[in-house]
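Here the structure comes first, spelled out in structure tokens, and everything after it is commentary.
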Amino acid sequence: MPPSSARLPRADLARFHDDVIAWFGREARDLPWRRDASAWAVMVSEFMLQQTPVARVLPVYAAWMARWPTPADLAAEPTGEAVRAWGRLGYPRRALRLHAAAVAIVERHGGEVPASIDELRTLPGVGEYTAGAITSFAHRGRAVVMDTNIRRVFARVVSGVEFPAAGITAAERELATALLPAEDAHVWAAATMELGALVCTARSPRCVECPVASLCRWRAAGYPAHDGPARRGQAWDGTDRQCRGRLMAVLRETDAPVPKTMLDVVWPDARQRERCLDALVADGLVEPITDESYALPT
DNA sequence: TACGCGTGGGA
DNA sequence: TTCCCAAGCGT
């Protein structure tokens with residue numbers, strides 16, 4: 001990355017902050033986890049939002065928080081109940097990790113979601129992004145927050161490229177740190193994330209509505225297309241992921257143990273089906289009841 | 001570092 | 001219709 005793209009002139013930096021935060025004040029969505037939400041509520045929302053769109057999270061989040069308003073409430077349940085309540089959000093291992101994190105919070109943190117990055121990072125399912133998000137949004141702390149939206153906004157406005165690199169680079173982390181304001185860093189994190197989600201989108205950015213279009217180096221450069229390795233999409237048809245999804249869908253439907261014959265009919269390839277079922281058991285998402293029946297873990 | 005891990009909606 | 005991708009994590 002050329003030196004000129006690593007930083008913004010002081011005056012531009014101030015405008016970047018002020019204009020994005022002012023825009024956020026006008027345009028921020030009224031999301032439930034932003035409305036006098038507990039730290040646990042923020043944490044639940046962050047787990048659900050990992051790779052899952054807001055619109056699909058909303059109803060599941062509402063039901064989840066009504067049923068398990070504190071970490072202790074969830075920790076007291078069988079993991080299978082968490083998996084079932086996760087519904088069709090996808091990546092059900094997140095439900096398992098959220099449950100395990102709730103148990104750890106009860107056992108090691110007196111039932112309160114910790115506020116430090118280091119403590120958060122020890123919780124299952126809490127990585128670099130989620131730790132920063134919980135620190136920032138739940139505790140209003142000053143933390144670097146880098147999700148796909150924020151990374152894209154910084155890549156475009158500051159670095160002048162369409163997309164950030166596949167993995168977070170040291171330079172990118174330094175840039176995000178340098179951009180972090182001294183005061184109200186949590187508002188900055190929320191505002192830049194919202195800008196990426198609503199305006200500076202991956203596919204068709206709405207630059208006409210962008211509060212910092214005049215600062216944007218990608219725009220100034222004439223919107224150069226992404227160069228570098230093509231960002232390969234994930235295969236889906238016939239994959240283990242698809243197979244696992246089919247099996248889990250059957251098990252979510254029923255409280256009682258499911259006869260194996262009911263699983264057999266949702267995936268034709270017996271070898272792959274057996275492998276996936278074994279993997280689901282190994283992951284803790286499925287529990288064998290007898291040789292011929294399975295259920296969500298109790 | 002690159003890959004596996006679900007699901008479904010919008011362009 | 002097909003493709004892309006959506007507040008990542010763990011290995």
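Chain letters run A, B, ... following the sequence lines, proteins first, then strands; residues in each count from 1. All values below were derived from every heavy atom in this structure, side-chain atoms included, with hydrogens, water molecules and symmetry-related copies excluded.
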Touch check for [X], heavy atoms < 4.0 angstrom, all strands: base, sugar-phosphate only, or nothing?
{"X": "A/G127", "answer": "sugar-phosphate"}
{"X": "A/L247", "answer": "nothing"}
{"X": "A/A202", "answer": "sugar-phosphate"}
{"X": "A/V57", "answer": "nothing"}
{"X": "A/D240", "answer": "sugar-phosphate"}
{"X": "A/R88", "answer": "sugar-phosphate"}
{"X": "A/L89", "answer": "base"}
{"X": "A/R29", "answer": "base"}
{"X": "A/R56", "answer": "base"}
{"X": "A/W86", "answer": "nothing"}
{"X": "A/T148", "answer": "sugar-phosphate"}

Measuring to OP1 and OP2 of [N], would you say a side-chain N or O of [X] lies under 4.0 angstrom away?
{"X": "A/R244", "N": "B/dG6", "answer": "yes"}
{"X": "A/R252", "N": "B/dT7", "answer": "yes"}
{"X": "A/Q51", "N": "C/dG8", "answer": "yes"}
{"X": "A/R152", "N": "C/dA6", "answer": "yes"}
{"X": "A/T130", "N": "C/dA7", "answer": "no"}

In this structure, how many angstroms lie between the [atom2] atom of [N] and the [atom1] atom of [X], rounded?
{"X": "A/R97", "N": "B/dG6", "atom1": "CZ", "atom2": "C1'", "value": "13 Å"}
{"X": "A/E172", "N": "C/dG8", "atom1": "CD", "atom2": "P", "value": "13 Å"}
{"X": "A/E194", "N": "C/dA6", "atom1": "CD", "atom2": "P", "value": "14 Å"}
{"X": "A/L280", "N": "B/dG4", "atom1": "CG", "atom2": "P", "value": "16 Å"}
{"X": "A/Q272", "N": "B/dG4", "atom1": "CD", "atom2": "C1'", "value": "13 Å"}
{"X": "A/Q50", "N": "B/dT7", "atom1": "CD", "atom2": "P", "value": "16 Å"}
{"X": "A/Q242", "N": "B/dT7", "atom1": "CD", "atom2": "C1'", "value": "11 Å"}
{"X": "A/R94", "N": "B/dG4", "atom1": "CZ", "atom2": "P", "value": "18 Å"}

*So is A/R156 actually on top of A/F163's ring, under 6.0 Å and inside 45° of the axis?*
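Checked: cation-pi criterion met.
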
*May I ask you to say whether A/E274 pairs ionically with A/K260, meaning some side-chain N is under 4.0 Å from a carboxylate O?*
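Here A/E274 pairs with A/K260 in a salt bridge, since their nearest N and O are under 4.0 Å apart.
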
*Is A/R67 salt-bridged to A/D73, going by a charged N under 4.0 Å from an acidic O?*
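A salt bridge is absent here (no side-chain N lies under 4.0 Å from a carboxylate O).
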
Minimum-distance nucleotide to [X] side chain [options: [options]]:
{"X": "A/W236", "options": "C/dA7, C/dC5, B/dG6", "answer": "B/dG6"}
{"X": "A/Q234", "options": "C/dA7, B/dG6, B/dC5", "answer": "B/dC5"}
{"X": "A/L49", "options": "B/dG10, C/dA7, B/dG6", "answer": "C/dA7"}
{"X": "A/S204", "options": "C/dC9, B/dT7, B/dA11", "answer": "B/dA11"}
{"X": "A/R93", "options": "C/dG8, B/dG4, B/dG9", "answer": "B/dG4"}
{"X": "A/R203", "options": "B/dG10, C/dA7, B/dG6", "answer": "B/dG10"}

*N/O donor-acceptor pair, side chain A/T239 with base B/dG4, under 3.5 angstrom*: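 Side chain to base: no pair present.
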
*Using only heavy-atom distances, decide whether a donor-acceptor pair under 3.5 angstrom links the side-chain of A/R241 to the base of B/dT7.*
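Side chain to base: no pair present.
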
*Donor-acceptor contact below 3.5 Å, side chain A/E194 vs main chain A/R29*: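 A pair under 3.5 Å: yes.
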
_To the nearest 0.5 Å, what is the distance between CZ on A/R93 and CD on A/Q50?_
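One finds 11.5 Å between CZ of A/R93 and CD of A/Q50.
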
*Check A/F24, A/F137, A/W23, A/F16 against A/W188 for a ring-ring contact (aromatic ring centres under 6.0 Å, His included) and give me the one that passes.*
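When A/F24, A/F137, A/W23, A/F16 are each tested with A/W188, the ring-ring contact (aromatic ring centres under 6.0 Å, His included) holds only for A/F16.
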
_From CA spacing to verdict: side chain to side chain contact (heavy atoms under 4.5 Å, CB included), A/T130, A/L120_ = CA-CA 8 Å; A/T130 302; A/L120 286 165; over 6 Å; no

*What interatomic distance, in whole Å, is found between P of B/dA11 and the corresponding atom of C/dA7?*
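Taking atom P in both C/dA7 and B/dA11, they lie 14 Å apart.
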
_Rounded distance in Å between the P positions of B/dG8 and C/dC9_ =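 Here B/dG8 and C/dC9 have their P atoms 23 Å from each other.
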
_Quick check: on DNA chain B, is the nucleotide nearest A/R206 upstream (toward 5') of the one nearest A/M248, or the reverse? Name the residue that is more 5'._
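Of the two residues, A/M248 wins.
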
*Comparing A/R246 and A/A166 on DNA chain B - which has the more 5′ nearest nucleotide*: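 Looking at the nearest nucleotide for each, A/A166 comes out on the 5' side.
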
_Both A/E46 and A/P124 contact DNA chain C. Taking the nearest nucleotide for each, which residue is further toward the 5' end?_
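Its nucleotide being nearer the 5' end, the pick is A/E46.
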
*Report the residue (A/V54 or A/V126) whose heavy-atom-nearest nucleotide on DNA chain C is the more 5′ of the two.*
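Residue closer to the 5' terminus by nearest nucleotide: A/V54.
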
_Do A/R241 and A/Q234 pair up side chain to side chain, a donor and an acceptor below 3.5 Å, judged on atom types alone?_
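There is such a pair between these side chains.
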
